[in-house]
Amino acid sequence: METENKTTEYEPLNFIEQIIEEHNRTNRFNKKVHTRFPPEPNGYLHIGHAKSICLNFGLAEKYNGLTNLRFDDTNPETEDVEYVNAIEEDVKWLGFDWQDRKFFASDYFEQLYQYAVQLIRLGKAYVDDQTAEEISNTRGTPTIAGKESPYRNRSIEENLALFEAMKRGEVEEGAKVLRAKIDMASPNMHMRDPVIYRIKKTPHHRTGTKWCIYPMYDFAHCLSDAIEGITHSICTLEFEVHRPLYDWILDQLGTHHPQQIEFARLNLTYTVMSKRKLKILVEQGYVNGWDDPRMPTISGLRRRGYTPEAIRNFAQKIGVSRRDTIVDIALLEFSVREHLNKICPRVMAVLNPLKVIITNYPENQTENLITENNPEDETAGNRTIPFSREIWIERDDFMENPPKGYFRLTPKGMVRLKSAYIIQCEEVIKDREGNIIELHCRYFENSKSGNDTSGLKVKGTIHWVSVAHALPIEVRLYDRLFEVEEPEGHEGKEFTEFINPNSLQILPKCFAEPSLAKAKVGDKFQFQRLGYFCVDKDSTPEKLVFNRTITLKDTWAKEQKKNN
RNA sequence: UGAUCACUGGUGCAAUUGGCAGCACAACUGAUUUUGGUUCAGUAAGUUCCUGGUUCGAGUCCAGGGUGAUCAACCA
C-alpha cells in the first residue's frame, strides 16, 4: 500500500506529441498545429500510408488543429488524375476530412517559380549546363567531395536570363537545370548543389502544357509546406538527410518555417510495402489488380472486408517511433477480428458440404427455428432459419476416425446442430472409391434448442444449412500472400519467389442460409465457426460471392497443427 | 574508411524526463460458453546492445566500442 499518486492519469505522449507540446510551451507556432498528408498521385495508398494518415489527422485532431490533403504532383511523367481520385476515396473511407483544404503542389507552380528567381537573385542558385551524367559524376561520394560545376559562378543576370529561357521552353529537355548553390564538399550528399528545377516537356495532368520546368521534391515540398502555413511536416525516416536542405531553402527565402519530423515507416510481416513491388504484383499478374483482397492497399483491405475502425485501431496500437521495425501482421488481424466480432451478424454457411439425412424427421416438414443475430450485441435481435430433413454440414465436422479430443460428429456419435436439435450418426454412406458421400442420422425431437428436455449432453455444436432452402454462394478464401515473414532483402532471391501459391482458394459451390439472399456488396457477416466474410463486388444477381476477411481464432486447428 | 539516426521480453510501443521496467499482440494454463469464437482468471517471457564514467540512485546523462538503418534520380 504505497503512495496512490502513481496512478494519477498521465497519458504517455509519443515523440511527436512531445515535440509539439514543447513547441506549444515555447510558443514556436503560436500553439497551432497544422499538418498535411502529401501523397504523390502516382499509385495507390497502402496500409503504410494509413499509418501516416492516422498520424497526421490524429495529431491535428488532438491539438485542435487542421490537416491538409496535398497532392505532391511535381512530376508529370508519372502522375495521373486516376490516382488523385483513388487517394481521395481512400482517405475519406478511412474516416478523415480535409474539408476545403485539398491542395496541389501544382497550384503553387507560379509562386515556386518566383521563389526560384529570388534564390537566383540572392546568388544562391545557378543554371547548370552539365548533362545529368556529368552532374552525377561530379557529385562525389559520401567520403569524397564533389567537384564544382564550371557554370557555378555565372552572373545573377545570366542565370536569370537562362532560367527565364528554360521557363519559356527555349531550352531542350536535359540541356540545363537550376541548381541550389550550397556546398559541393558537404558530407551530406543532398547539400551538394542539388537540382531544384528541371525541364520536362510532358503535359501535366492539371496544368497541361503551361509549364515545361518543374520543381524537384526538395524545393517544392518545403515551400508548399511554408505556403500552406504547415507547422509540423511529418515524413518518413529516409527524408531525415533531406532536412538540412528543407531548412536551408526556407532560411534563404525567409518564409514561414515548419518543423520537419521524421518517423519510421510501417513494415509488416508476410507483406511487401513498396510501391514498386506492389506494382510488380499487379502488373505481373500475381494478384488481380490493386484492390485484390490480398494486397495491403487500402482498396485491397476494404474489398477484403476490413473496416476503417479496425485500421485506425491498428495504427493506434503500433504507435510511432524512429526505429526501423517490422510489425507482426497478427496485430492487424487481431484488430479486424476485434471490430468485426462486435458488429457482424452471425449466420450459417457451409463451405465444404456433406449431406446429412435425418432419417426420423418427417419428409415434407420445415420448421422455422429462432436464432440470435449476435450474442455480442443485445440489440441485434433474432431471426428464423429453416430446418428440414436434409441438411448440409461441414465435411470437417465429421470424422470416421477422430483424434483424441475431437468433439464433433463421429460414427454413432452425437452433436448439437446450432439452434436446432441434437443428432446422432447412424450410418456412413460411401461411394465405390470409399469416399463419404452422405450421413444418415437420427434426431432427438425433445432436444430442440431453447426447449431441450432430452437430458442429453453433447460436447460439440456445429453449423448447418437446410438443403431445400440453401442459397448457393461462391466463397473466396485468402491466406497470406507470402510464405515467409520477410519476403524482402534475401540475397539472390526475388521477393516474388516467396509468394504463397495457395493465397487464394475459390470455392464455387458453398451453401448459405436463405437470409443471406438480400446481402449487398460490402455487407459483413460472421459465418458461424468459420470466420468473417463480406460480399464481393464480383457478385451477380444469380450468385453472391463472399470474401473471407479473416478466420476465427481456431485453437483446435492450432493444436492439431502442433501435434503434426 | 564519411554524415545522420536508431538500439527496452518473440513482436510493437511505454516508463510522469535521473527514482521499484509496464501495456498490447503473440505463446502457454484453467474457467465459462448451444461458435474449439467471445469473455474471464492466470503463467511464462528482460544482464534495457557492450564496457567504463557521473550520481545516494542510470533504460534515461557522458565517453568509447558494437550492431543495424538511411544517403551519391534531372523520382517522391
Side-chain angles (χ1 to χ4, degrees), chain A residues 2 5-6 8-14 18 38-40 42 72-75 77-79 128 130-132 135-137 139-146 173-174 176-179 186-192 194-200 214 216-218 220-221 235-244 262 264 269 275 317-328 330-335 337-338 341-342 346 348 371-372 375-376 405-408 416-420 422 449-450 452 458-463 485 526-531 551-559:
Chain A
E2 293 192 37
N5 279 347
K6 292 219 131 180
T8 49
E9 304 116 67
Y10 165 80
E11 207 182 312
L13 303 174
N14 67 45
Q18 288 175 25
E40 184 188 11
N42 71 345
D72 217 341
D73 56 347
T74 57
N75 184 355
E77 287 169 0
T78 58
E79 295 152 4
D128 195 347
Q130 294 184 108
T131 63
I135 289 176
S136 172
N137 290 341
R139 198 185 307 278
T141 71
T143 51
I144 302 167
E173 211 171 297
K176 292 185 196 314
V177 291
L178 184 69
R179 287 231 253 171
S186 171
N188 182 340
M189 301 291 291
H190 296 278
M191 300 300 271
R192 323 248 262 225
V195 172
I196 55 176
Y197 260 92
R198 78 291 211 191
I199 299 165
K200 275 189 194 294
Y214 292 91
M216 298 285 289
Y217 165 84
D218 286 303
H221 202 92
C235 60
T236 46
L237 243 29
E238 67 268 26
F239 291 100
E240 192 168 350
V241 284
H242 293 241
R243 181 163 17 105
E262 311 86 15
T269 56
K275 256 184 211 172
K317 278 195 250 274
I318 58 175
V320 55
S321 73
R322 292 172 62 81
R323 315 158 61 164
D324 194 26
T325 55
I326 178 158
V327 174
D328 191 342
L331 188 57
L332 214 213
E333 296 175 342
F334 168 82
S335 297
R337 284 200 187 98
E338 186 185 40
N341 176 50
K342 282 186 204 130
R346 272 61 170 169
M348 291 202 276
T371 188
E372 57 187 339
E376 302 299 312
Y406 183 85
F407 49 77
R408 278 110 97 160
R416 156 82 59 191
L417 295 173
K418 173 74 185 169
S419 299
I422 291 173
S449 279
D452 184 352
V458 294
K459 198 85 193 275
T461 300
I462 64 174
H463 59 277
E485 278 198 17
Q526 184 197 97
F527 286 2
Q528 203 107 201
R529 302 208 306 133
L530 297 173
T551 60
L552 253 34
K553 249 172 52 182
D554 191 344
T555 48
W556 169 250
K558 194 159 74 179
E559 208 174 303

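Across all strands shown, U54(B) has no partner, as no Watson-Crick or G-U wobble contact with both distances under 3.5 Å is found. Nucleotide A72(B): unpaired (no Watson-Crick or G-U wobble partner with both distances less than 3.5 Å). For A41(B), the paired base is U29(B) (Watson-Crick or G-U wobble, both distances below 3.5 Å). Across every strand in view, U47(B) sits unpaired, with no contact that passes the Watson-Crick or G-U test at under 3.5 angstrom. Across all strands shown, U67(B) pairs with A6(B); the Watson-Crick or G-U wobble distances both stay below 3.5 Å. Nucleotide C13(B) forms a pair with G22(B), judged by Watson-Crick or G-U wobble geometry with both contacts under 3.5 Å. Pairing for U35(B) is absent, with no Watson-Crick or G-U wobble pair whose two atom distances lie under 3.5 Å.
Side chain of Glu40(A), nearest nucleotide from A76(B), G37(B), G36(B): A76(B). Counting only heavy atoms from C-beta on, Tyr406(A) has its side chain closest to G36(B) among U38(B), G36(B), U34(B). Minimum atom distance to the side chain of Asn14(A) is reached by A14(B), of the listed A14(B), G2(B), U34(B). Here the nucleotide nearest the side chain of Arg198(A), chosen from U1(B), A76(B), A26(B), is A76(B). The listed nucleotides are U35(B), C74(B), G36(B); the one nearest the side chain of Val177(A) is C74(B). Looking at the side chain of Met189(A), the nearest of the listed nucleotides A72(B), G2(B), C28(B) is A72(B). When distances are taken from the side chain of Ser321(A) to each of U35(B), C13(B), C74(B), the shortest belongs to C13(B). Distances from the side chain of Phe239(A) to the nucleotides U34(B), A76(B), U4(B) place A76(B) closest. With C74(B), G12(B), G2(B) as the candidates, the nucleotide lying closest to the side chain of Ile318(A) is G12(B). In the set G2(B), A26(B), C13(B), G2(B) carries the atom at the smallest distance from any side-chain atom of Pro187(A).
Base orientation at U34(B) is anti, since its O4'-C1' glycosidic dihedral falls outside 90° of 0. Against the 90° criterion about 0, the sugar-base torsion of A73(B) places it in the syn range.
Nearer the 5' end of RNA chain B, as judged by each residue's closest nucleotide, is the contact made by Arg322(A), out of Arg322(A) and Tyr197(A). Nearer the 5' end of RNA chain B, as judged by each residue's closest nucleotide, is the contact made by Gly460(A), out of Glu173(A) and Gly460(A).
With a 4.5 Å cut-off on side-chain heavy atoms, Leu552(A) and Gln526(A) count as touching. Taking the side chain as every heavy atom from C-beta outward, Thr371(A) and Met348(A) never approach each other to under 4.5 Å. Considering only heavy atoms from C-beta on, Asn75(A) comes within 4.5 Å of Arg198(A) through its side chain. Between His190(A) and Pro244(A) there is no side-chain heavy-atom pair separated by less than 4.5 Å.
Separation of the C1' atoms belonging to U67(B) and U32(B) is 48 Å when rounded to the nearest angstrom. C7(B) sits 7 Å from C49(B) when the C1' atoms are compared, rounded to a whole Å. Taking atom P in both G59(B) and U48(B), one finds a spacing of 7 Å when rounded to whole Å. Taking atom C1' on both G22(B) and U60(B), the two are 15 Å apart, rounded to the nearest angstrom. Taking atom P on both C62(B) and A24(B), the two are 32 Å apart, rounded to the nearest angstrom. Spacing between C28(B) and G9(B) at atom C1', rounded to whole Å, works out to 15 Å. Taking atom C1' on both U29(B) and A44(B), the two are 10 Å apart, rounded to the nearest angstrom. A14(B) sits 10 Å from A21(B) when the C1' atoms are compared, rounded to a whole Å.
Heavy atoms of Glu485(A) sit nowhere under 4.0 angstrom from any nucleic acid atom. Note on Leu530(A): nothing from the nucleic acid sits closer than 4.0 angstrom, heavy atoms only. If you check every strand for non-hydrogen atoms under 4.0 Å, Gly405(A) touches a base. Val320(A) comes within 4.0 angstrom of the backbone, heavy atoms only, and of no base. Counting any heavy atom pair closer than 4.0 Å across all strands shown, Val195(A) reaches sugar-phosphate atoms only and no base atom. Using a 4.0 Å heavy-atom distance criterion, Lys200(A) is classed as a sugar-phosphate-only contact. If you check every strand for non-hydrogen atoms under 4.0 Å, Ser186(A) touches nothing. Residue-level contact check: Pro375(A) touches the bases, meaning some heavy atom is under 4.0 Å from a base atom. Looking at heavy-atom distances under 4.0 Å, Arg337(A) makes no contact with the nucleic acid at all. Residue Lys558(A) is in sugar-phosphate contact alone, with no base atom involved, counting any heavy-atom pair closer than 4.0 Å across all strands shown. Counting any heavy atom pair closer than 4.0 Å across all strands shown, Gly146(A) reaches no nucleic acid atom. Across all strands shown, Thr555(A) has heavy atoms under 4.0 Å from sugar-phosphate atoms exclusively, and none from any base. Heavy atoms of Ser419(A) sit under 4.0 angstrom from at least one base atom. When heavy atoms are screened at a 4.0 angstrom cut-off, Phe527(A) is found touching no nucleic acid atom at all.
Of the listed residues (Glu333(A), Arg337(A), Arg529(A)), just one forms a side-chain contact (heavy atoms from CB on, under 4.5 Å) with Thr551(A), and that residue is Arg337(A).
Distance, Glu333(A) CD to U11(B) P: 18 Å, rounded to whole Å.
Applying the 4.0 Å criterion to OP1 and OP2 of C23(B), one finds that Lys317(A) has every side-chain N and O outside that range. Between Thr143(A) and the phosphate of A3(B), there is no side-chain N or O to OP1/OP2 separation shorter than 4.0 Å. For the OP1/OP2 pair of A76(B) and a distance below 4.0 Å, the side-chain nitrogens and oxygens of Thr74(A) include at least one atom meeting the criterion.
The pair Arg346(A)-Glu372(A) fails the salt-bridge criterion, with no side-chain N (NZ, NE, NH1 or NH2) lying under 4.0 Å from an Asp/Glu carboxylate O.
Aromatic ring orientation, Tyr217(A) versus His242(A): perpendicular (interplanar angle above 60°, classes split at 30° and 60°).
Arg192(A) contributes a side-chain N or O that, together with a main-chain N or O of Ser186(A), makes up a donor-acceptor pair within less than 3.5 Å. The main-chain N or O of Thr269(A) is never found under 3.5 Å from a side-chain atom of Asp328(A) such that the two would form a donor-acceptor pair.
The base of U35(B) does not come close enough to the side chain of Arg529(A) for any donor and acceptor atom to sit less than 3.5 Å apart. Side-chain N/O atoms of Gln526(A) and base N/O atoms of U35(B) include a donor-acceptor pair closer than 3.5 Å.
Here Tyr217(A) does not pack flat against the base of A76(B), since the 5.5 angstrom centre distance and 30 degree tilt limits are not both met.
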